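See below for the structure under consideration.
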Amino acid sequence: MKKLLFALGLLFPITTVSQTVVTNSDGDEMFNFYTGNSLAIELETGKEEVNFNYNLPVKKSFFYYLNADGTTKDTTIYTSRNIQFAVKIFNTGGNIDYNRIANNRVGFEGKLGFQRTVDKFAKMSRLEDHNQWVCSFGGNVYLKEGNYLMLDAALQENTKKPTSFGINLNLAVYRVVWMASQFSATIGFREWNIDDLPSYYANTPLASNGSFIALDKEARGKYGLLADRDFYQIRFANPFFPFHCAKNVSNRIAFTPYGSVELSDKAKPDYRFGLMFNMLGSGINREANYKIEKGFGIGLDKGSNDENPVLFLRGTFNFGDIKKAKRGNGKLQ
């Protein structure tokens, strides 16, 4: 079943809504814009995974201010409370084999939780005038099963399927139209050291002075002793929208400084700080309806274990409407 869903995601990568706006070079989510009643099926080619996400609304609300006449109103935000469902299916065996899907080493991750979302901003200027703020928040529990080919000290290959579980928490604050803030955390009650283990390659590995000679570029599996550990990660991001008053495409520009700290009971702390430039999927307008939508991004960050900064690209470049439609006279043109 996992391989069937993985194949369908590869063949039909349909995305109806995007939530992750900013990531770091490791692919960790730095800033998300959650929306209610949203379904997303997305293929991440770089990480070789398929994501299925659905936020089921149980209550929808909107907030407004009455105008001076006492009858008309300006709606400022639309929110909802949602039950969050998510499934991620990922390949752990190197490059995807599109000819034989069954040959891929497929793992999965499931999430279930609650999310209070800000679905849409409207007349954000009224919120600023009254010195008010709004937030989204939520959390989920996750369960993950890997699927790895391991090579032991006797050069024997074995399949290991370690199980992980923990919780994710998030809080985003919106007070002014030109900036947002998000804090998030992952607490892994049972994680594994798989990312710390060296890879071995498709050719027969040769031992030389305690190290392996790689004869092929595609990693086949991991070498070493698989061990469980506790895992904690704290993340923050502050997107800035400097041209939100612009009437052209520049109101899509965002600059996001971000950082993360990873702690484990069996590894040194890892700090990663960076900056991402984004061209968002839609513009920011303090006097009109808008969402913060995923777009194209260029990022630069550096971790405490990196020798040099890492430059990377993320997302999709959305040009929007190339040519605006002409106004008609009410008749079919």
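Worth saying up front: this structure is predicted, and the values here are computed from it rather than measured. In what follows, every heavy atom counts, from backbone to side chain, and hydrogens, waters and symmetry copies are set aside.
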Return the minimal non-hydrogen interatomic distance between [X] and [Y], and the atom names on each side.
X    : Y    : value
G297 : N278 : CA-ND2, 3.7 Å
D196 : R229 : OD2-NH1, 2.7 Å
V118 : C135 : CG2-O, 4.0 Å
A172 : Q182 : CB-NE2, 3.5 Å
P269 : S304 : O-OG, 3.6 Å
I292 : F31  : CG2-CE2, 4.1 Å

Take atom CG in L169; do more than 12 heavy atoms of anything else shown fall under 6.0 Å from it? yes
Nearest 0.5 Å, what's the [atom1]-[atom2] distance between [X] and [Y]?
X    : Y    : atom1 : atom2 : answer
D228 : I194 : CG    : CD1   : 13.0 Å
N170 : R116 : CG    : CZ    : 12.0 Å
E29  : T20  : CD    : OG1   : 3.5 Å
E145 : E109 : CD    : CD    : 12.0 Å
W178 : F243 : CH2   : CZ    : 14.0 Å
M279 : S250 : CE    : OG    : 8.0 Å

Quick one: do L275 and F277 satisfy side chain to side chain contact (heavy atoms under 4.5 Å, CB included)? Show the steps, please. CA-CA 7 Å; L275 177 69; F277 164 84; over 6 Å; no
Checking D152 against K160 for the salt bridge (charged side-chain N to carboxylate O under 4.0 Å, His left out) test, could you report, in this order, the C-alpha distance in whole Å, the side-chain angles of both residues, the deciding distance, and whether it holds? CA-CA 11 Å; D152 59 27; K160 299 291 185 181; over 6 Å; no
Test your reading of the model: is there a side-chain donor-acceptor pair from [X] to the backbone of [Y], 3.5 Å cut-off?
X    : Y    : value
N32  : Y34  : no
N55  : T35  : yes
Q115 : F137 : yes
S25  : V310 : no
N193 : L225 : yes
W192 : G146 : no
R314 : N24  : yes

With a 6.0 Å cut-off on ring centres, are F121 and Y174 close enough? yes
Verify the ring-centre separation between F183 and F236: is it less than 6.0 angstrom? no
Side-chain heavy atoms of [X] within contact of [Y], under 4.5 Å:
X    : Y    : answer
V21  : L280 : yes
N82  : V58  : no
D28  : T23  : no
V177 : I284 : yes
K144 : E191 : yes
F90  : N147 : no
V106 : F108 : no
P242 : H244 : no

Tell me, please, whether Y148 has K222 positioned over its six-membered ring: NZ or CZ under 6.0 Å from the ring centre and within 45 degrees of its axis? no
Tell me whether [X] shares a hydrophobic cluster with [Y], the cluster being built from Ile, Leu, Val, Met, Phe, Trp, Tyr side chains joined at under 4.5 Å.
X    : Y    : answer
L311 : L313 : yes
F114 : Y142 : no
I187 : L263 : yes
V173 : F240 : no
F165 : F231 : no

Can you tell me if D301 and Y258 form a side-chain donor-acceptor pair at under 3.5 Å? yes
Salt bridge (charged side-chain N to carboxylate O under 4.0 Å, His left out) filter on D306, not counting sequence neighbours, yields R272
Apply side chain to side chain contact (heavy atoms under 4.5 Å, CB included) to residues M150 and L197 and explain how you reach the verdict. CA-CA 10 Å; M150 305 293 299; L197 298 177; 3.6 Å; yes
Does N168 form a side chain to side chain contact (heavy atoms under 4.5 Å, CB included) with K111? I'd like the steps, not just the answer. CA-CA 9 Å; N168 296 299; K111 298 177 182 178; 3.9 Å; yes
Derivation and outcome, side chain to side chain contact (heavy atoms under 4.5 Å, CB included), residues F189 and I167: CA-CA 8 Å; F189 299 112; I167 60 175; 4.2 Å; yes
Using salt bridge (charged side-chain N to carboxylate O under 4.0 Å, His left out), reason through D119 and K60 one step at a time and then give a plain yes or no. CA-CA 9 Å; D119 300 329; K60 300 178 76 68; 3.7 Å; yes
Using the side-chain hydrogen bond (donor to acceptor under 3.5 Å, both in side chains) criterion, which residues pair with R235? Sequence neighbours excluded. S184, T186, Q233
